[in-house]
Amino acid sequence: MANNSRLKRRLVSGAISENLDLIHGRVPNVERPRRRFLRLSTRGAVWAALVLVLTASTLLISQINRALDQSLAETAKPIVLETLTQRGSSEPTSISLTEPPKINRALFPLGLERVVVDAGHGGINSGTSAPGMLEKDLALDISQRLRDLLKARGFEVIMTRDEDRDVELADRAHIANTARGDLFISIHLNWLGREATRGVETYYLGATLDPIIEQKAIRENQSPGYSLTDFRSLLDGLYRDVRGDESRQLATFVQRSLFRKLSQRSPGLRDRGVKRAPFMVLIGTEMPAILAEVACLSDDDDVELLKQPSYRQLIAQSLFEGIVDYAASLTVPPSPPVHIGASPADGSIAAPSRGSAGGG
Amino acid sequence: MSNNNYLQVGIDLGTSRSAISSSTGTRHVVQSYVGWPVDMVARKVLKRDVLIGEEALENRPMLDLHRPLERGLIKEGSEKDTQAVRELLSHLIDLAVADAGANGHDPSRTRAVVGVPAEALRVSKQNLRQAMEGLVGSLMIVSEPFAVAYGLEALLHTMIIDIGAGTADFCVMNGRYPTEDDQRTLTNAGDAVDQLLFTSVRERFPEAAFSMHMVRAWKEQHAFIGAPKQPVVVEVPVRGKPTEIDVTEEMKAACESLLPPLSETMVDLVSRVEPEYQAKVRNNIVLTGGTGLISGLGAALERTLAEIGGGRVKVMADPVFVGSDGGLSIAVDAPESDWEKLGVPQNQVLGAEEGESKADESQDLSSQKPKLGKSKDGKGDS
């Protein structure tokens, strides 16, 4: 009898705890042990990385000084001349700019602190659907799970929506830009038709020649909230920075993580790859930005899996790990940043940046 | 625990029926239908702004009728359905308050435990919390099969299968609060049977006139799995003439469509239990919910269990209040200090727009934007 009372107390306590998690937007209790483990192992890794970065940065600074002297002499000067030529030209539109020198982000260990999570659709804009499931709900559920994981790791997270409401695409970008996010991830669910192979795919901003992707972009770009003038200036600024490169990097890490983790639970899942598409929500953002199609609502197997909270948690975990991998790639230089005694092969120069490359 | 000054209720918010059990010892069940008079004439005839439950069903030709819960949760995308859920919840709580003899009861002194499908999305639970604003002071949302298990004190090495109209919920109780891995929700439930039965009877008897409500009534009276005890013969109008038709085969096929997903999920959940306790769980399966009463369903599940070592399925003969009673038990057992943490904002005030709705009787109500105000005389069945 006493055992039964103790058991009841434990069960009621579990129910209350779950409700408090719901009220305060926390990950349910059941996931905490794993999170704690992750946090502890992460803390160790962070300390180790810190020591490594401090040691490396001393060497790096002396290398950079030498490299800058050389690369500025070879690279910066032609850029100035080119700009003057443009200003003086009577036909500015006919002059094609040579591609600006690429910024080699490996020169500086960059931090990633603020992540903007965008749950696709919302309110009257339900997105795609399956029986009993709406894209807007699933996107929000997965986004909230991702938010919790990121917060637990110490990231600052900004949600473009945290409830079932319609937010215009321009407003989503505005939220991200105003918050000075370091990274933007938009979460969606796919509809590929009954005959298509299900899979996961991740997009970053770019032109596409694929008519199917073009149609998808047209669908996703509804309710943009941009005027034609806004749109032109957005397009003008598109390729002026390294956002494209960074977004591709981010998309690659996230796609790799999504496929690696989800295919273990969902055999037959196809890696549909990293793709370019002109999604409006990616155009307006001023930081590395991607759009992830994390599952497919036209596929019965995916629909069954999506009914399981543990699968939705797995999706969030996959996105989270992709972001963490990307963040790690910013702090640990992927390749030797500077060739001592020689100019960089791509004429790159170092660009100081707050948090992420091209983040502004 | 000093919960004496509070009205505590357990609510089973069902797609088809909703039940409430209160700490005063009374219980009510209401059909989950809410209807608004379609025009001024209807309102004058019915003398109500809103009708709920059986009364709404009986008067449905004069009503804009809503069945606002879909798969045990608030239907998405319709403001009117959200309004209907509030009306339904408000009505249930009013019934409990009336029992307590507490006219002018302060909603903030009501504590409610509401059961939802085991795998309800968090966003759906948040919607429910919003719908409860102004109706209760504190709210705890639990998975429906957990509430059932708690009410039956089936807390250890037990599996609850709660099959309602909208969902079939599974929950394994192994001495801890069930996690996501211990629970499943299927949408293969009573409504799916109704739909299949409707379609197949329509195909075989294209000239017969019948509605989904009639099909639901046939199912509640004759549903079976296995060999029929007697032919299922129902009466329907064919070109206006009452005619008897035999729907035995259609009934059998529709009901048995539930078996594969139910069996598969049951076996899958058993296989996830720690090996040493699997036999105990197999022998402690409780089948509840309105659709769980389909004749032969328990036996069919036991035949499936026989393939993995055998087991026993106990069918709850009177499942109507099992969930709400469980919710009430949880409400009573929860400590006072914890209830205080589960407060619900009191922003939405009931009846705030009542005057406005009555002021303009010339308008067609069906075209009006739904209001959050609740009619004081909105009585339903009990």
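The figures here come from the full heavy-atom set of this structure, side chains too, leaving out hydrogens, waters and symmetry mates.
Donor-acceptor pairing under 3.5 Å is lacking for the side chains of B:Asn284 and B:Thr158.
The closest side-chain heavy-atom distance from B:Leu342 to B:Leu139 is not below 4.5 Å. Considering only heavy atoms from C-beta on, B:Leu196 stays 4.5 Å or farther from B:Val193 through its side chain. Using a 4.5 Å cut-off on side-chain heavy atoms (C-beta onward), B:Ser16 and B:Arg67 make contact.
Each of B:Leu155, B:Ile330, B:Val142 has some count of heavy-atom pairs under 4.5 Å with chain A, and the biggest count is that of B:Leu155. Ranked by non-hydrogen atom pairs under 4.5 Å with chain B, the options A:Ile124, A:Val12, A:Asp162 are led by A:Val12. With chain B as the partner, the residue from A:Ile16, A:Asn19, A:Leu138 showing the most heavy-atom pairs under 4.5 Å is A:Asn19.
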Q: Mind running salt bridge (Lys or Arg N to Asp or Glu O under 4.0 Å) on A:Lys8 and B:Glu153 for me, showing each step along the way?
A: CA-CA 9 Å; A:Lys8 280 182 151 186; B:Glu153 303 217 348; 2.6 Å; yes
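For B:Gln183, no part lies near chain A; criterion is any non-hydrogen pair under 4.5 Å. Contacts of A:Ser310 with chain B are made by both backbone and side-chain atoms, with heavy-atom separations under 4.5 Å.
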